[in-house]
Colleague: 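Let me begin by handing over the structure; questions about it come next.
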Amino acid sequence: MEPSTPPQPVAAPAIQIDSHLDGIGERSLADDVLDGLTRPFKELPPKHFYDAHGAELFDRICELPEYYPTRAERVILEERATELAALTGAVELVELGSGTAAKTRVLLDALDAAGTLERYIPVDVTESMVRDCAEELIGEYPGLRVHGVIGDFERHLRHIPPAAGPRLVVFLGGTIGNFPPGSRRRVLREIAGLLGEDDYLLMGTDLVKDRGVLEAAYDDTQGVTAEFNRNVLRVVNRELRADFDPEDFDHVALFDPQHEWIEMRLRARREFTALVGELDLHVHFDEGEEVRTEISAKFTPERVTGDLAAAGMELVRWLTDPDELFALTLSRRAAE
Ligand code: SAH
Ligand code: AVI
């Protein structure tokens with residue numbers, strides 16, 4: 001008789017990617033266009049900026065002299081990552097709106113140095129970013145497993161795999177500020193629902209400051225942010241067979257001091273009617289009419305702690321850069 005070979009343990013694959021956007025993602029753009037462009041005050045949600053070109057433009061924004069948030073957040077991470085790694089003891093990092101995970105490396109390095117890092121779970125609507133980032137990271141961190149989730153963090157958080165140990169959920173860049181107050185609290189409540197007893201949330205928020213500094217950050221002299229803003233029209237043209245000419249719109253970025261948020265808008269340079277072929281929809285624009293494409297809320301410490309508390313979380317650390325431009329908050333579920 002042949003000697004039988006004992007069963008070999010099957011190693012978990014270094015990369016697993018789940019997509020939750022097949023078909024539904026396109027539907028969400030169609031619904032958002034139908035809903036947003038037929039309102040008396042036209043509006044499109046900012047998540048549609050980020051096709052591969054939009055993601056590239058966002059990366060260029062992060063390098064602009066006027067766009068301080070990325071640099072300020074990186075300074076905080078570089079200063080505090082070791083302390084965060086020790087305090088959380090995280091074996092895995094879940095990142096919402098992970099993008100290219102450029103700043104995330106600072107945290108991964110610290111968890112790696114602490115000897116706890118096992119798994120990274122990026123969650124993003126942009127498929128190419130999740131896939132490319134997973135490939136790059138397994139090369140950079142030997143032994144790291146990456147479980148990517150291609151999905152919308154407003155709808156697909158339940159698909160995040162269960163925790164395999166203490167977990168740090170990170171939501172960087174100030175992306176939480178792209179939600180208006182009501183949805184922001186709903187998103188934060190859902191994030192709180194992801195946190196177990198040993199888990200933490202690390203969240204980036206841009207802080208209220210001088211209006212000139214804020215408006216320059218969203219209206220740079222090279223016009224990169226203007227192209228990023230117009231990119232949503234290119235996405236609608238391609239995905240829904242629309243015939244917008246992005247050059248028919250001016251880029252507008254204004255600070256609203258009452259709401260303490262930046263509003264990005266596209267303002268029609270002339271009167272025209274566009275066709276969205278896929279929806280059989282005609283959209284009329286008067287000259288000067290605007291579409292709101294993004295809000296980017298700026299926070300005070302009270303606003304951040306209020307939003308966290310409303311979502312059932314309590315602050316553990318409030319971390320800022322030396323110029324107090326940006327804040328990172330470490331929080332956890334509040335005791336019942
Ligand atoms: N975290 C990175 C990228 C911020 S840009 C940084 O700090 O630099 C915002 C990112 O969130 C983009 O990668 C975009 O694709 C993603 N995103 C925006 N809305 C989303 C949504 N509703 N669900 C999932 N990802 C989203
Ligand atoms: C991703 N998000 C936090 C950026 C922001 O600053 O609100 C998006 C952005 N919009 C224009 N510039 C950058």
Side-chain angles (χ1 to χ4, degrees), residues 19-21 24-25 28-29 32 44-64 66-74 76-77 93-107 122-130 132-133 148-157 159-160 169-179 183-184 186-187 190-191 202-207 214-220 223-232 235 251-255 261-265 292-299 325-326 328:
S19 177
H20 302 286
L21 287 183
I24 306 164
S28 144
L29 177 66
D32 290 342
L44 288 172
K47 69 180 168 203
H48 301 302
F49 285 133
Y50 301 92
D51 64 347
H53 183 55
E56 251 172 60
L57 287 167
F58 178 74
D59 273 357
R60 285 179 57 199
I61 288 176
C62 294
E63 304 284 318
L64 291 169
E66 297 95 332
Y67 194 73
Y68 61 84
T70 309
R71 282 186 295 278
E73 190 176 41
R74 180 181 278 279
I76 309 171
L77 286 169
L93 207 108
V94 174
E95 180 164 23
L96 307 176
S98 44
T100 56
K103 286 165 289 176
T104 317
R105 261 94 165 168
V106 181
L107 285 168
V123 182
D124 205 288
V125 269
T126 307
E127 174 164 358
S128 57
M129 289 207 281
V130 175
D132 294 352
C133 169
V149 178
I150 300 163
D152 184 335
F153 51 61
E154 282 192 86
R155 295 184 295 144
H156 300 128
L157 289 188
H159 296 298
I160 292 174
V169 177
V170 298
F171 198 8
L172 300 182
T175 304
I176 189 65
N178 296 136
F179 292 95
S183 330
R184 187 193 306 149
R186 180 173 46 74
V187 169
E190 283 175 22
I191 295 174
L202 183 69
M203 182 172 74
T205 45
D206 195 12
L207 300 177
L214 285 169
E215 289 185 349
Y218 291 82
D219 195 5
D220 62 280
V224 183
T225 311
E227 276 317 294
F228 176 72
N229 196 2
R230 291 190 189 100
N231 192 53
V232 72
V235 171
H251 165 69
V252 179
L254 293 171
F255 183 60
W261 65 44
I262 283 278
E263 279 203 25
M264 287 211 318
R265 305 177 193 157
R292 186 165 78 172
T293 49
E294 183 178 74
I295 66 156
S296 190
K298 305 304 160 192
F299 291 79
L325 297 172
F326 199 90
L328 272 178

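Just so you know, these numbers use all the heavy atoms, side chains as well, and skip hydrogens, waters and symmetry mates. Atoms within a ligand are numbered from 1 in the order they appear, just like the ligands themselves.
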Colleague: Are side-chain heavy atoms of Met129 and Phe58 found at a separation under 4.5 Å?
Modeller: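 No - every pair of side-chain heavy atoms lies 4.5 Å or more apart.
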Colleague: So if I count the atoms of ligand 1 from 1 in the order they appear, which ones are less than 4.0 Å from some heavy atom of Thr175?
Modeller: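 Under 4.0 Å from Thr175, ligand 1 has these atoms: 4 (C), 9 (C).
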Colleague: To which protein heavy atom is atom 7 (O) of ligand 2 closest, and what is the distance rounded to 0.1 Å?
Modeller: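 Going by distance alone, atom 7 (O) of ligand 2 is nearest to Ser296 OG, 2.6 Å.
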Colleague: Looking only at non-hydrogen atoms, which of Phe58, Tyr50, Phe171, Phe179 approaches atom 4 (C) of ligand 1 most closely?
Modeller: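 Of the listed residues, Phe58 has the closest heavy atom.
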Colleague: Once you round to the nearest 0.5 Å, how far does CZ of Phe171 lie from OG of Ser98?
Modeller: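 With rounding to 0.5 Å, CZ (Phe171) is 10.5 Å from OG (Ser98).
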Colleague: Minimum heavy-atom separation for Leu93 and Thr104, please, with both atom names.
Modeller: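 Answer, listing the atom of Leu93 first, then Thr104: CD2-CG2, 3.4 Å.
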Colleague: Side-chain contact test, heavy atoms from C-beta onward, threshold under 4.5 Å: evaluate it for Thr293 versus Phe49 and give yes or no.
Modeller: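 With C-beta onward as the side chain, the pair touches.
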Colleague: Answer yes if the ring centres of Phe299 and Phe326 are under 6.0 angstrom apart, and no otherwise.
Modeller: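 Judged by ring-centre distance (under 6.0 Å), Phe299 and Phe326 do not meet the cut-off.
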Colleague: Any atoms of ligand 1 less than 4.0 Å from a non-hydrogen atom of Gly99? List them with their elements.
Modeller: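 Close to Gly99: 13 (O).
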Colleague: Can you tell me which residue and heavy atom of the protein come closest to atom 1 (C) of ligand 2, and the distance to 0.1 Å?
Modeller: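 The protein heavy atom lying closest is Tyr50 OH, 3.3 Å.
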Colleague: Give me the residue, atom name and distance of the protein heavy atom closest to atom 9 (C) of ligand 2.
Modeller: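 Looking at atom 9 (C) of ligand 2, the protein heavy atom closest to it is Glu294 OE1, 3.6 Å.
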Colleague: Which heavy atom of the protein is the closest neighbour of atom 4 (C) of ligand 2, given with residue, atom name and distance?
Modeller: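 Protein heavy atom with the smallest distance to atom 4 (C) of ligand 2: Tyr67 OH, 3.4 Å.
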Colleague: Please report the interatomic distance CD1(Ile295) to CZ(Arg184), rounded to the nearest 0.5 Å.
Modeller: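 Reported value, rounded in 0.5 Å steps: 6.5 Å.
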Colleague: Answer yes or no: does an N/O atom from Val125 fall short of 3.5 Å to an N/O atom of ligand 1?
Modeller: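 Indeed, backbone or side chain, Val125 has an N or O that close.
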Colleague: Check Glu66 against Ala216 and note the closest heavy-atom contact, atom names and distance.
Modeller: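 Heavy atoms only, the tightest pair is CB-O, 3.4 Å.
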Colleague: Looking only at protein heavy atoms, which one is nearest to atom 3 (C) of ligand 1, and how far off is it?
Modeller: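 The closest heavy atom on the protein side is Gly97 O, 3.5 Å.
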Colleague: Counting from 1, what ligand 2 atoms have a heavy atom of Thr175 closer than 4.0 Å?
Modeller: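 With Thr175 as reference, the close atoms of ligand 2 come out as 1 (C), 3 (C).
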Colleague: Just jot down the ligand 1 atoms closer than 4.0 angstrom to any heavy atom of Gly173, in number order.
Modeller: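 Going through ligand 1 atom by atom, the ones under 4.0 Å from Gly173 are 7 (O).
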Colleague: Mark yes or no for whether Asp220, through its side chain, and Thr225, through its backbone, hold a donor-acceptor pair below 3.5 Å.
Modeller: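 Checking the backbone N and O of Thr225 against the side chain of Asp220, a donor-acceptor pair under 3.5 Å is found.
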Colleague: Would you mind checking which non-hydrogen protein atom is closest to atom 19 (N) of ligand 1, with the distance to 0.1 Å?
Modeller: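 Looking only at protein heavy atoms, the one closest to atom 19 (N) of ligand 1 is Lys47 CB, 3.4 Å.
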Colleague: Would you mind telling me if ligand 2 is within reach of the side chain of Asn178, the backbone, both or neither, using heavy atoms under 4.0 Å?
Modeller: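 Near ligand 2, Asn178 shows its side chain, while the N, CA, C and O stay back.
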Colleague: If you measure from each heavy atom of Gly174 to ligand 2, is any distance below 4.0 Å?
Modeller: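 Right, Gly174 reaches ligand 2.
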Colleague: Measure the distances from the heavy atoms of Gly177 to every atom of ligand 2 and state whether one is below 4.0 angstrom.
Modeller: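 So Gly177 does not count as touching ligand 2.
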Colleague: Any side-chain heavy atom of Leu21 within less than 4.5 Å of one from His156?
Modeller: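 They are in contact (side-chain heavy atoms under 4.5 Å apart), so the answer is yes.
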Colleague: State whether Glu227 and Arg230 are salt-bridged, where the test is any N-O pair (Lys NZ or Arg NE/NH1/NH2 against Asp/Glu carboxylate O) under 4.0 Å.
Modeller: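 A salt bridge links Glu227 with Arg230.
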Colleague: What residue and atom, counting heavy atoms only, is the protein's closest point to atom 15 (O) of ligand 1, and at what distance?
Modeller: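 Here the closest protein heavy atom is Asp124 OD1, 2.6 Å.
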Colleague: May I ask you to list the atoms of ligand 1 that are less than 4.0 angstrom from any heavy atom of Thr126?
Modeller: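 Close to Thr126: 15 (O).
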Colleague: Should you measure from each heavy atom of Lys103, which atoms of ligand 1 turn up under 4.0 Å away?
Modeller: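 So the answer, numbered in order with elements, is 6 (C), 7 (O), 8 (O).
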Colleague: Which ligand 2 atoms, with their elements, are less than 4.0 angstrom from a heavy-atom of Gly173?
Modeller: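 So the atoms of ligand 2 that pass are 3 (C).
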Colleague: Pick whichever of Trp261, Tyr218, Phe49 has a heavy atom sitting closest to atom 12 (N) of ligand 2.
Modeller: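 Result: the heavy atom closest to atom 12 (N) of ligand 2 is in Tyr218.
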Colleague: For the atom pair CG (Leu157) and CG (Asp152), what is the distance rounded to the nearest 0.5 Å?
Modeller: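 One finds 8.5 Å between CG of Leu157 and CG of Asp152.
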Colleague: Is the shortest N/O to N/O distance between Lys298 and ligand 2 below 3.5 Å?
Modeller: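 Min N/O separation from ligand 2 is not below 3.5 Å for Lys298.
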Colleague: Does any N or O in the side chain of Thr126 come within less than 3.5 Å of the main-chain N or O of Tyr50, such that one atom is a donor and the other an acceptor?
Modeller: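 Yes.
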Colleague: How long is the span from the CD1 atom in Ile150 to the CD atom in Glu127, to the nearest 0.5 Å?
Modeller: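 Nearest 0.5 Å value for the CD1-CD distance: 4.0 Å.
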Colleague: Test your reading of the structure: does Asp152 have an N or O sitting under 3.5 Å from an N or O of ligand 1?
Modeller: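 Between Asp152 and ligand 1, an N or O pair is found under 3.5 Å apart.
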Colleague: Under 4.0 Å from a heavy atom of Gly151: give me the atoms of ligand 1 that qualify, with their elements.
Modeller: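 Near Gly151, meaning under 4.0 Å from one of its heavy atoms, ligand 1 has 23 (N), 24 (C).
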Colleague: Distance-only, no hydrogens or angles: does the Arg60 side chain make a donor-acceptor pair with backbone N or O of Glu56 under 3.5 Å?
Modeller: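 Answer holds: no.
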Colleague: Who's the nearest protein heavy-atom neighbour of atom 26 (C) of ligand 1, and how far?
Modeller: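 The answer is Phe153 CE2, 3.3 Å.
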